[in-house]
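In what follows, a single structure is set out as structure tokens and then discussed.
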Amino acid sequence: MREILSSQEMGITLALFFYVIGEIVYRKTRIPLLSPLIVATILLMAYVWVIGIDLSVFLTDLSGIHVFLGPLIVSLAIPIVKRIQMIKEHLLPILVGSVVGAATSILTVILLGNILGLDETILASILPKASTTPIAIEVSERLGGIRAITVATVVITAVAGAVVIPLLIKIFKIKDPIVIGLGLGATSQAIGTAKALEIDETAGAVSSVALVFTGVATAILAIFI
Amino acid sequence: MKIIRQLLIILLFFILGELAQNAISWLFPTVFVPGTVLGMLFLLTALLTRIVPMKHVESVGGFLIANMSFFFIPAAVSVLEYLDILQAHLWKILLIIFSGVFISFFAVAGSVRLTMHWQSVWRKRREDRHA
């Protein structure tokens with residue numbers, strides 16, 4: 001029984017199962033805090049706790065899923081090419097917004113992190129928080145950060161942005177879909193893009209492009225750190 | 001096009017990126033650009049120049065991107081291993097995240113608006129000159 005409960009196949013099956021549940025929950029509620037990744041993660045953590053399997057064994061069971069992170073980043077070229085017409089029309093604002101998004105996020109981490117006295121490992125882990133998760137993981141590991149903390153930070157940032165920014169957009173009566181798309185995409189990645197799409201189709205398109213550009217900008221800016 | 005071939009093309013670009021990263025860090029030891037990002041830029045170039053047609057990567061790449069967050073599950077679950085570190089720094093990390101959201105949003109929205117404003121001013125000037 002233990003052998004069935006703990007194997008790579010079982011790990012991936014469970015991850016898929018809980019992710020599907022997460023997708024259903026998100027489709028019904030549209031609450032950023034209940035995004036499929038968060039729901040699946042919490043359910044998997046609960047599973048580890050209830051069944052009482054060794055965490056490091058379970059993480060090895062899940063590790064097969066990691067293989068796709070690299071190909072996933074490479075594939076980010078596809079949405080860019082598909083929206084190349086829109087990008088050409090608004091190239092300058094998109095570039096400016098993405099670089100400003102990446103730079104302000106990194107600067108906030110460095111400035112506040114040093115004021116609050118965070119150690120280097122934590123700083124490195126949260127530094128690429130504005131970037132899309134796969135690129136953030138690469139940057140964080142290169143700077144000596146901890147992968148898990150990076151993912152948690154990126155997800156919390158994205159959820160916070162997806163909750164707070166639509167409110168700011170309403171309060172400040174921002175109507176321009178380019179500004180909305182960049183405001184969400186350059187700060188809250190995929191979860192923000194889902195929100196942007198709910199607001200306006202063009203905003204969603206801009207946001208999906210901005211999240212890739214912000215990731216690349218983060219990777220490039222990290223060279224100088 | 002067939003799934004296996006699409007996967008092969010995407011993985012080839014991934015490996016090309018890793019090779020380029022090795023070459024760069026050999027030439028400039030202090031510079032690090034993730035190989036995956038380089039692989040993405042190579043695929044971008046290949047798609048834009050139509051060396052690789054979109055339909056040769058579309059289904060597999062589209063699948064990966066549409067279900068992106070699924071692939072972060074292992075890393076997200078491994079947060080359990082670092083609960084003590086996270087707990088010790090939680091409020092500081094949250095403070096940085098939330099102030100970052102506000103700062104970044106206003107900086108992005110402001111700079112984008114300014115850029116678009118300047119662009120329209122320049123465009124108008126150019127039109128006036130031509131008129």
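First the proteins, then the strands, lettered A, B, ... as listed; each starts at 1.
Residue B:Leu94 touches chain A through its side chain alone, counting heavy-atom pairs closer than 4.5 Å. Residue B:Met54 touches chain A through its side chain alone, counting heavy-atom pairs closer than 4.5 Å. Residue A:Val67 does not touch chain B at all, counting heavy-atom pairs closer than 4.5 Å. With a 4.5 Å cut-off on non-hydrogen atoms, A:Leu112 touches chain B through its backbone and its side chain both. Interface remark: A:Leu55 contributes side-chain atoms only to the contact with chain B (heavy atom separation under 4.5 Å). For A:Thr132, the part sitting under 4.5 Å from any heavy atom of chain B is the side chain, from C-beta outward, and nothing else. Within the 4.5 angstrom heavy-atom criterion, only side-chain atoms of A:Leu118, from C-beta onward, approach chain B. Contacts of A:Ile38 with chain B are absent, with no heavy-atom separation under 4.5 Å from either backbone or side chain. Residue A:Ile84 touches chain B through its side chain alone, counting heavy-atom pairs closer than 4.5 Å. With a 4.5 Å cut-off on non-hydrogen atoms, B:Glu81 touches chain A through its backbone and its side chain both. For chain A, the nearby parts of B:Ser104 are the backbone and the side chain; heavy atoms of each come within less than 4.5 Å. Interface residue A:Ala186: only side-chain heavy atoms are found under 4.5 Å from chain B. Within the 4.5 angstrom heavy-atom criterion, atoms from both the backbone and the side chain of B:Phe72 approach chain A. Heavy-atom distances place both the backbone and the side chain of B:Phe70 under 4.5 Å from chain A. The contact between A:Thr187 and chain B is made entirely by side chain atoms (from C-beta outward), counting heavy-atom distances below 4.5 Å. If you measure heavy-atom distances from A:Leu182 to chain B, the contacts under 4.5 Å come from both the backbone and the side chain. Contacts of A:Leu107 with chain B are absent, with no heavy-atom separation under 4.5 Å from either backbone or side chain. Using a 4.5 Å cut-off between heavy atoms, A:Ile135 contacts chain B through its side chain alone, with no backbone atom that close.
Between chain A and the options B:Leu44, B:Val101, B:Ile96, the largest number of non-hydrogen pairs under 4.5 Å is found for B:Ile96. Comparing A:Arg142, A:Gln189, A:His90, A:Lys82 by how many heavy-atom pairs each has under 4.5 Å with chain B, the most go to A:Arg142. When each of A:Ile137, A:Leu168, A:Ile80 is scored by its heavy-atom pairs under 4.5 Å with chain B, the top score falls to A:Leu168. Ranked by heavy-atom pairs under 4.5 Å with chain B, the list A:Ile220, A:Ile178, A:Val212 is led by A:Ile178. Counting heavy-atom pairs under 4.5 Å between each of B:Glu58, B:Met68, B:Arg113 and chain A puts B:Met68 at the top. Taking B:Ile97, B:Ile103, B:Leu95 one by one and counting their heavy-atom pairs under 4.5 Å with chain A, the maximum is reached by B:Ile97. Ranking A:Glu141, A:Arg147, A:His66 against chain B, the residue ahead of the rest is A:His66, based on heavy-atom pairs under 4.5 Å. Among the candidates B:Val79, B:Val37, B:Val77, the residue making the largest number of heavy-atom pairs closer than 4.5 Å to chain A is B:Val77. By number of non-hydrogen pairs under 4.5 angstrom with chain A, the leading residue of B:Gly39, B:Pro74, B:Gly61 is B:Pro74. The choice from B:Ala46, B:Ser78, B:Gly100 that makes the most heavy-atom pairs within less than 4.5 Å of chain A is B:Ser78. In terms of heavy-atom pairs under 4.5 Å with chain B, the best-connected choice from A:Pro71, A:Ser208, A:Ser98 is A:Pro71. Among A:Ala190, A:Ala130, A:Pro134, A:Ser105, the residue with the largest count of heavy-atom pairs under 4.5 Å with chain B is A:Pro134.
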Legend entry - Verdict with reasoning, B:Phe102 to A:Thr108, per side chain to side chain contact (heavy atoms under 4.5 Å, CB included): CA-CA 10 Å; B:Phe102 282 96; A:Thr108 323; over 6 Å; no
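Counting heavy atoms from C-beta on, the side chains of B:Ile10 and A:Ser75 come closer than 4.5 Å. Residues A:Glu23 and B:Asn67 form a side-chain contact, since some pair of their non-hydrogen atoms from C-beta on lies under 4.5 Å apart. Counting heavy atoms from C-beta on, the side chains of A:Ile122 and B:Lys92 never come closer than 4.5 Å. Here the side chains of A:Asp119 and B:His89 are in contact, with some heavy-atom distance below 4.5 Å. Side-chain atoms of A:Ile169 and B:Phe105, non-hydrogen and from C-beta on, do get closer than 4.5 Å to each other.
Contact detail for A:Val100 and B:Ser111: the closest heavy-atom pair is CG2-OG, 3.6 Å. The two residues B:Ile73 and A:Ala40 come nearest to each other via the heavy atoms CD1-CB, 3.8 Å. Nearest heavy atom pair, residue A:Val179 against residue B:Met116, reads CG2-SD, 4.3 Å. Residues B:Leu64 and A:Phe68 share a closest heavy-atom pair of CD2-CD2, 4.0 Å. The two atoms that bring B:Ala75 and A:Val151 nearest to each other are CB-CG2, 3.4 Å, heavy atoms only.
For the side-chain contact (heavy atoms from CB on, under 4.5 Å) with B:Ser69, the qualifying choice from A:Leu37, A:Thr41, A:Thr133 is A:Leu37, the only one to do so.
The aromatic rings of B:Phe106 and A:Phe172 sit perpendicular, their planes meeting at an angle over 60°, well past the 30° parallel limit.
Counting heavy atoms of neighbouring residues, nucleotides and ligands inside a 6.0 Å radius, atom CD of A:Gln8 exceeds 12 of them. Other residues, nucleotides and ligands contribute at most 12 non-hydrogen atoms within 6.0 Å of the CD1 atom of B:Ile4.
When the heavy atoms of residues 13-28 of chain B are compared with those of chain A, the residues falling under 4.5 Å are B:Phe13, B:Phe14, listed by number.
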